[in-house]
Number of protein chains: 2
Amino acid sequence: MTTQLDATTPRAGAGREKVVAAALELFAERGVSGTSLQMIADRLGVTKAAVYYHFKAKRDIVLAVVRPALAEIATIAEDAERERSQAVRTEVLLVGIVDLLIRHRRLYGIIESDLAVGEILATDPILASLGERLAAVLIGPDPDPGQIVAANMFLAGLKSAGASAAAGLTDDELRTHILDCGRRLLRRRRQPSGRTATP
Amino acid sequence: MTTQLDATTPRAGAGREKVVAAALELFAERGVSGTSLQMIADRLGVTKAAVYYHFKAKRDIVLAVVRPALAEIATIAEDAERERSQAVRTEVLLVGIVDLLIRHRRLYGIIESDLAVGEILATDPILASLGERLAAVLIGPDPDPGQIVAANMFLAGLKSAGASAAAGLTDDELRTHILDCGRRLLRRRRQPSGRTATP
DNA sequence: GTCTATAAGACGATAGAC
DNA sequence: GTCTATCGTCTTATAGAC
């Protein structure tokens with residue numbers, strides 16, 4: 001084992017990762033605003049100052065918790081963007097996001113359920129535009145308002161669908177049901193104004 | 001004008017209602033946890049102590065802001081429960097909730113986007129069970145897991161669908177699109193295991 | 001009904017010893 | 001890498017004058 005740097009996290013260490021793990025649990029339980037550095041320190045059995053050795057601000061802990069999953073979403077969006085048909089782009093992104101949600105169930109709720117997180121994410125220019133970019137790939141170039149509403153409902157609903165309904169479901173069952181919801185919401189409908197295809 | 005009590009708020013007064021109005025604005029802008037009593041007082045041009053004359057705790061302000069709309073939802077749920085067919089119950093509740101969302105756009109986001117609100121609402125036994133009760137009426141007596149996931153996605157997605165997509169839409173257009181989403185998600189599908197009807 | 005003043009404590013963050 | 005100790009600020013909430 002060398003001390004070479006990891007690609008995603010500068011100076012990754014055991015202590016640093018313990019902080020991230022404890023923060024993830026607490027953020028999921030009580031929200032980011034509802035979690036103090038004292039609580040993170042208590043869960044690890046250390047003091048606040050020890051936590052500050054690994055991260056110089058709370059904001060950096062939030063980013064460290066959230067960034068890996070968001071980077072994964074960005075990769076999935078790139079994969080989807082390479083597809084030539086919009087129907088396939090939608091399907092690739094849909095399956096990719098749902099799969100990611102299943103693998104990181106708790107994380108999705110953290111991002112979606114705290115206004116403070118949005119402000120922190122807005123700091124990072126790549127992360128800031130991710131939400132809009134997802135919606136854009138999900139529904140294609142010139143969407144009608146109905147599609148925008150549907151895409152937003154799906155992306156926001158992912159959180160709760162994964163959380164409160166997860167009671168007795170296996171990962172595979174949950175994935176199937178959420179995918180079904182996504183397809184229902186995002187399937188292209190006939191244009192209300194008449195034309196169904198362009199030459 | 002007499003000084004008789006209002007049914008919903010004990011000792012309703014102009015000052016009290018100003019506090020509620022200012023709190024509603026701030027909660028919508030910055031979340032409940034992100035709003036201090038100082039901010040509410042500043043917006044009204046008074047001191048914190050003046051706010052404390054009307055409400056003895058922040059918790060009570062949150063309840064005063066949220067309770068009227070939740071009471072309305074409860075009434076709609078009762079109306080829906082009186083219908084004999086499940087399809088009609090779903091439709092009545094669906095239309096009622098969406099209509100309420102349109103009328104109180106900001107409020108829905110407040111309830112959904114702050115874990116602290118959930119804890120406060122859990123204090124009030126009637127309000128606490130409202131979410132589960134809504135899902136129950138929305139999908140009927142013995143729902144399959146897919147319906148539960150769909151109902152949760154719809155109820156959670158309402159918030160974001162109303163907020164970020166509302167850019168250039170009139171209330172009526174937004175209502176139409178959200179209703180369309182709700183019907184797509186909640187329409188009963190064939191049972192995957194075979195039987196489509198019971199004798 | 002609104003004010004000043006203040007209590008009592010949590011918060012994020014820092015300095016410096018070990 | 002973790003500690004003690006602390007700074008300065010913010011928080012909810014109260015007491016008592018006007």
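Lettering follows sequence order; numbering is per chain, from 1.
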Please give me the minimum heavy-atom distance between Leu158(B) and Ile178(B), naming the atom from each residue.
CD2-CG2, 3.6 Å
Quickly work out the Leu37(A) CG to dT6(D) C1' distance and round it to whole Å.
16 Å
Is any side-chain N of the basic residue among Asp172(A) and Arg175(A) closer than 4.0 Å to the acidic one's carboxylate O?
yes
Can you tell which of dC3(C), dC11(C), dA13(D) lies closest to the side chain of Tyr52(B)?
dA13(D)
Looking only at dC3(D), dT2(C), dA13(C), the nucleotide nearest the His54(B) side chain is dT2(C)
For the pair made of CD1 in Ile40(B) and P in dA13(D), what is the distance, rounded to whole Å?
11 Å
Looking at every strand, decide which applies to Lys48(B) at a 4.0 Å heavy-atom threshold: base, sugar-phosphate, or nothing.
base
Checking all strands, does Ser36(B) fall into the base, sugar-phosphate, or nothing category for heavy-atom contacts under 4.0 angstrom?
sugar-phosphate
Looking at the side chain of Lys58(B), which of dC3(D), dT2(D), dA13(D) is the nearest nucleotide?
dA13(D)
Rounded to whole Å, the CD-P distance (Gln38(A) to dA5(D)) equals 14 Å
Touch class at under 4.0 angstrom, heavy-atom based, for Ser33(B) against every strand present:
nothing
Atom-to-atom span, CG of Asp42(B) to P of dT12(D) - whole angstrom:
12 Å
Looking at Arg30(B), Arg43(B), Arg106(B), which one forms a side-chain hydrogen bond (donor to acceptor under 3.5 Å, both in side chains) with Glu25(B)?
Arg43(B)
Given side chain to side chain contact (heavy atoms under 4.5 Å, CB included), test Phe55(A) with Val20(A) step by step and report yes or no.
CA-CA 10 Å; Phe55(A) 297 91; Val20(A) 171; 3.8 Å; yes
Using the rule given for salt bridge (charged side-chain N to carboxylate O under 4.0 Å, His left out), can you reason through Asp171(A) versus Arg103(A), listing the C-alpha separation, both sets of side-chain angles and the distance that settles it, and then say yes or no?
CA-CA 8 Å; Asp171(A) 284 0; Arg103(A) 276 183 292 127; over 6 Å; no
Taking the nucleotide of DNA chain C with the closest heavy atom to each, which residue, Met39(A) or Lys56(A), is nearer the 5' end?
Met39(A)
Please pick, from dT12(D), dG1(D), dC3(D), the nucleotide with the shortest atom-to-atom distance to any side-chain atom of Val46(A).
dC3(D)
Ranking dC3(D), dA13(D), dT2(D) by distance to the side chain of Ala49(A), first place goes to dC3(D)
For a quick test of reading the model: is some side-chain N or O of Thr47(B) closer than 4.0 Å to OP1 or OP2 of dT2(C)?
no
Counting side-chain heavy atoms from C-beta on, which of dT11(D), dG1(C), dT14(D) comes nearest to Tyr53(B)?
dG1(C)
